[in-house]
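What follows is a single structure, written as structure tokens, with notes after it.
Naming: A, B, ... by sequence-line order, numbering from 1 per chain.
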Amino acid sequence: MEYAAQWNWVALAYGITYFALIAHTASIAIRITRAHKKLDELS
Amino acid sequence: MKWYAKFVIPAVVIIGVLGVLMVNLSSALVYYNTPAEVQTREAGESRLRLAGQVVAGSVIEEDTTVVFTVQDCDIAVSVIHTGTPPQLFSEGIGVVVEGTWNGEMFVSDTMLVMHDEQYRADAGDYDQDLHTCSES
Amino acid sequence: MTANEHRTTVWPWIVMAVAGFHVFVASMTVPPDALQGQLSRIMYVHVPAAWLAYLAFGITMLGSAMYLWKKDLKWDRRAHASAEIGVMFTGMTIVLGMVWAKPTWGVWWTWDARLTLTAIMFFVYLGYLALRRTTDNLDMRAKRSAILGVLAIVQVPLVHFSVIWWRSLHQAPTLLNPEGPSMDTSMVITLLIAVSGFTVMYVAMMFKRIELSRLEDAVLVSEQTSSGPIAGHGITSPDLTGGS
């Protein structure tokens, strides 16, 4: 069994996992900041 | 109308995709046939999938083909597969082969490895069971 | 600049980082599977992602049912927040499944019952999110999506039991196996750590996503009323009597 190749698949999987979690979390944070700004403008 | 465009475009895309998926679902519900079922089939061109465990000692590898026997519920079928088998292909493992039944052999051009839900650190603890036997 | 102080909770970010770190350490130190080798490590993210998708859609169903009962928009916001996170976890499950399938089964994708039904579930909940954009009327939006939020839950048992009910390439459940977990104890413990880590991350994300929903609703309400400062009052249910 080629272990290097196997680790590449594992790295890809964990990369995707943490990227997705961080990206979604960041998108929530950005949208929160934007909503605050919008509320400031409206009030 | 703004909300209209916002909704209709995603709706059309999503319904379209769901339609494609539904069409595929009907064939997905019976993903494979057992060796016993394949043997009762008439020889012909219609494509089907066959699942079973690779019998130990039956694998003969040649340049572009692999000949082996798959077995399930004590019924065995010979397979001639053209192409490179997946990495995990080995004796004793479960496989799904796609192709045609010529009355004597299953002629396959696509092979997928099928493993069960066990995970063991030590190979000796394995007892592969694909749960296909009790069904037929 | 008095009403809207930009108060925002920070602890969910910290909790997420800690949970994420634990999952990583646990799944990298567990012994590999004898058959699959290192590839078996993908299980410790693929399985929790799938479980969290189930949980998230379960919470969406609960929130939707509670909204239909109580007519309180806070339940609608919870349902929405959970659906968005659930869609992310479903997408993650599918992509991780593909990355796992290619080196083990030999293909990225095949039309097996589990895979097909999961893809359908992904697109139905994407439809739920699209449905929410059809109207700016908060009560009407909540009602429409709550009905779908309740109905769509039937897909979760369908996806989960598809591997038992129909012949599939995908293997049967390992942990919730009727005959007990068919896995070494060290792997069971690691998988449980990973599932709880993902659950903690889900809860943390929910806190922030609900905070966002409250703000978004407040923005909508203040745009619609357009008079008087509304910021800071966004938590209260808007009065839209007779509006359509």
Shorter than 4.5 Å, heavy atoms on both sides: which option in [options] has the most such pairs with chain B?
{"options": "C:Gly106, C:Ser168, C:Ser40, C:Ser186", "result": "C:Ser168"}
{"options": "C:Val188, C:Ile120, C:Thr116", "result": "C:Ile120"}
{"options": "C:Val30, C:Leu131, C:Leu129", "result": "C:Leu131"}

At what distance, to the nearest 0.5 angstrom, does [atom1] of [X] lie from [atom2] of [Y]?
{"X": "B:Ile14", "Y": "C:Phe122", "atom1": "CD1", "atom2": "CZ", "value": "9.0 Å"}
{"X": "B:Tyr119", "Y": "C:Thr190", "atom1": "OH", "atom2": "OG1", "value": "13.5 Å"}
{"X": "C:His170", "Y": "B:Glu117", "atom1": "NE2", "atom2": "CD", "value": "11.0 Å"}

What verdict does the side-chain contact (heavy atoms from CB on, under 4.5 Å) test give for C:Trp105 and B:Met114, after you've listed the backbone C-alpha separation in whole Å, the side-chain angles of each residue and the deciding distance to 0.1 Å? CA-CA 6 Å; C:Trp105 296 346; B:Met114 182 183 188; over 6 Å; no

Give the C-alpha distance, both sets of side-chain angles, the deciding distance and a yes or no for side-chain contact (heavy atoms from CB on, under 4.5 Å) between B:Val113 and C:Thr104. CA-CA 7 Å; B:Val113 160; C:Thr104 50; 5.8 Å; no

Is a side-chain donor or acceptor of C:Asp184 paired with a backbone partner of B:Ala121 at a separation under 3.5 angstrom?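 Yes.
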
Taking all atoms of both residues into account, what is the closest heavy-atom pair of [X] and [Y], and its distance?
{"X": "B:Leu88", "Y": "C:Leu35", "result": "CD2-O, 3.7 Å"}
{"X": "B:His115", "Y": "C:Gln36", "result": "CE1-NE2, 3.2 Å"}
{"X": "C:Pro103", "Y": "B:Gln87", "result": "O-CB, 4.0 Å"}

Is chain B contacted by the side chain of C:Pro31, its backbone, both, or neither, given a heavy-atom distance below 4.5 Å?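 Looking at C:Pro31, just its side chain touches chain B.
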
Above 12 or not: heavy atoms from other molecules or residues under 6.0 Å from NE2 of C:His160? yes

Looking just at side-chain N and O atoms, do B:Tyr31 and C:Thr110 make a donor-acceptor pair shorter than 3.5 Å?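 Side chains of B:Tyr31 and C:Thr110: pair found under 3.5 Å.
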
Options B:Val17, B:Ile15, B:Val13, ranked by heavy-atom pairs under 4.5 Å with chain C, top entry: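 Answer, by heavy-atom pair count under 4.5 Å with chain C: B:Val17.
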
Heavy-atom side-chain contact between C:Thr174 and B:Gln118 under 4.5 Å: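 Answer no - side chains too far apart.
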
